[in-house]
Colleague: 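What follows is a single structure, and I will ask about it in a moment.
We name chains A, B, ... by the order of the sequence lines, and we start the count at 1 in each one.
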There are 2 protein chains.
Amino acid sequence: MPRPRTPLLSTERIAEAAMELVDEGEPFGVNAIARRLGVTPSSLYNHVAGRDEIVELMRGRLGEQYLPPAIEGTWDVVVEEMLRAERRMYAEHPFLIPLIVGKTITDPTVIASYDLLATALSGAGFPDDDVLEIVAILDAFSIGFGLDLASPDEIWRPETPTTTLGRLVESSPRGAPRSDRAFEAGLEMLLDGLRLRLARTELD
Amino acid sequence: MPRPRTPLLSTERIAEAAMELVDEGEPFGVNAIARRLGVTPSSLYNHVAGRDEIVELMRGRLGEQYLPPAIEGTWDVVVEEMLRAERRMYAEHPFLIPLIVGKTITDPTVIASYDLLATALSGAGFPDDDVLEIVAILDAFSIGFGLDLASPDEIWRPETPTTTLGRLVESSPRGAPRSDRAFEAGLEMLLDGLRLRLARTELD
DNA sequence: ACCTGAACACCGTTCAAGT
DNA sequence: ACCTGAACACCGTTCAAGT
């Protein structure tokens, strides 16, 4: 069945199938996507350059869904809203995180949201030299807590005796609730820290 | 050359070859390790259970090299020393990070260092329910900034016009120096935030 | 323009065979 | 006990052939 009159594939259909795979926690790959679409792996190469481009397609797709194109309010509201949006995104699609980690970001929607953040920080009075550094901090924060969500329920498996860790691992909440509490506490620290930093900057 | 009188392999030699591969940024895998050791891939399975166990071997190896078995000082000194140790570890072996991310930690040395941290926090007066949450924050911080080191030099590649990001990406420092500055700033925020949190706890 | 099928160079893992 | 070599079920990617 070569060259159907109406195309079987498109970047959208490929991205959609890829996201389904990722959300179900299935192993992600070109072959698996092709299987899900009832098509041969080589067919995909008529629409995308390869595996990496499919990952970037997913990043963009989620960016459109979750990241606000504009935010009203002071710089700290922008930071908070953006981090909460990323948090929701990662919480609802945790398995995407290991795939996008360490890949150059090119998707326009996602670039635009980093730009929004950088513009807000710059406008608030953070020196140019500090802005990208702060964006890096925010990113580390976001990715770090995102990975916390993607982690196995059992992060530590002590096989030797411990004085504190073992006891806590037994008794403490696991999974999403613990991670959410940690995120909230971390977010508060981060915002306080940034406000303090801006106040110090303004003293100069 | 089957069954040499003195074994060609051992977990140590395997871990060593694996680390060499990772540090050189070469693709990591069972086959590549075997090639480097001048041996058949299947030989490795006489010493390790598979790829995942080799990754955990590397984690343990680095833990022994970098993580202090004990730290003198107050809880915040413990936190700072531990994070700096992890930072050095990740900075000198950035390509390991994507491999260990999201894998259950079993290595005794690494478990012991998390235990050290948990014991210090618990002894300082942080409530039991908060300790693992804080450890999760520290971990997110550490991994987040570690990944920042493992990232490509070019994190963002704007292909559409931006108001602020593009300009900053052109002019700002890249790579390790930017990441180091961000780490230091983040560490300070984190420690201030935790001290504040403890002070609040002690008011109750 | 868009899909198939064969082919290529890889993976990680298992297992019988050899000493 | 420890290594080899063949085998298996996968990968991602390329490319000629077909309409």
Colleague: Just by modelled atom types, is the A:A118 backbone N or O under 3.5 Å from a matching donor or acceptor in the B:T164 side chain?
Modeller: no
Colleague: Atom CG of A:L44 and atom C1' of D:dC15: how far apart are they, to the nearest Å?
Modeller: 16 Å
Colleague: Answer yes when A:R61 and A:D107 have at least one side-chain N-carboxylate O distance shorter than 4.0 Å, and no when they do not.
Modeller: no
Colleague: Rounded to whole angstrom units, what separation is found between the CG atom of B:L9 and the P atom of D:dC3?
Modeller: 5 Å
Colleague: In this structure, how many angstroms lie between the C1' atom of C:dT13 and the OH atom of B:Y45, rounded?
Modeller: 5 Å
Colleague: By nearest atom, which of the nucleotides D:dC3, C:dG12, D:dG12 is closest to the A:N31 side chain?
Modeller: D:dG12
Colleague: Let's see if you can work this out: which of D:dT13, C:dT13, C:dC3 has an atom nearest to the side-chain heavy atoms of B:R51?
Modeller: C:dT13
Colleague: Across all strands shown, which nucleotide pairs with C:dA17 by Watson-Crick or G-U wobble geometry, both distances under 3.5 Å?
Modeller: none
Colleague: For A:P41 and for B:P41, find the nucleotide of DNA chain D with the closest heavy atom, then tell me which residue's nucleotide is more 5'.
Modeller: B:P41
Colleague: Can you tell me how far C1' of D:dC11 sits from CG of A:D52, to the nearest Å?
Modeller: 14 Å
Colleague: Of all the choices, D:dT4, C:dT14, C:dC3, which nucleotide is nearest to the side chain of B:T40 once you look at every atom?
Modeller: D:dT4
Colleague: Quick one: do B:E16 and B:R13 make a salt bridge, cutoff under 4.0 Å?
Modeller: no
Colleague: Does A:S42 put a side-chain nitrogen or oxygen below 4.0 Å from OP1 or OP2 of D:dT13?
Modeller: no
Colleague: Is B:R35 near enough to C:dC11 that one of its side-chain N or O atoms lies under 4.0 angstrom from OP1 or OP2?
Modeller: yes
Colleague: When you measure from the side chain of A:S172 to the backbone of A:L168, do you find a donor-acceptor pair of N or O atoms at a distance under 3.5 Å?
Modeller: yes
Colleague: Is the distance from OP1 or OP2 of D:dA1 to the nearest side-chain N or O of B:H47 less than 4.0 Å?
Modeller: no
Colleague: Can you tell me the pairing partner of C:dC3 across any strand shown, Watson-Crick or G-U wobble, with both distances under 3.5 angstrom?
Modeller: none
Colleague: Consider the side chain of A:S43, meaning its heavy atoms from C-beta on, and name the nucleotide among C:dC3, D:dC3, D:dT13 that approaches it most closely.
Modeller: C:dC3
Colleague: What is the distance from CG of B:N46 to C1' of C:dT13, rounded to the nearest Å?
Modeller: 13 Å
Colleague: Searching all strands shown, indicate the nucleotide that pairs with D:dG12 (Watson-Crick or G-U wobble; both distances under 3.5 Å).
Modeller: C:dC8
Colleague: Check the distance between D:dT13's C1' and A:I33's CD1 and give it to me in whole angstrom.
Modeller: 14 Å
Colleague: Side chain of A:V30 only, heavy atoms from C-beta on: which candidate in D:dG12, D:dG5, C:dC2 is closest?
Modeller: D:dG12
Colleague: For the pair made of CG in B:L37 and P in D:dC2, what is the distance, rounded to whole Å?
Modeller: 15 Å
Colleague: Roughly, in whole Å, what's the span from CZ in A:F28 to C1' in D:dG12?
Modeller: 11 Å
Colleague: Do side-chain atoms of B:R88 reach the backbone of B:Y66 as a donor and acceptor pair under 3.5 angstrom?
Modeller: no
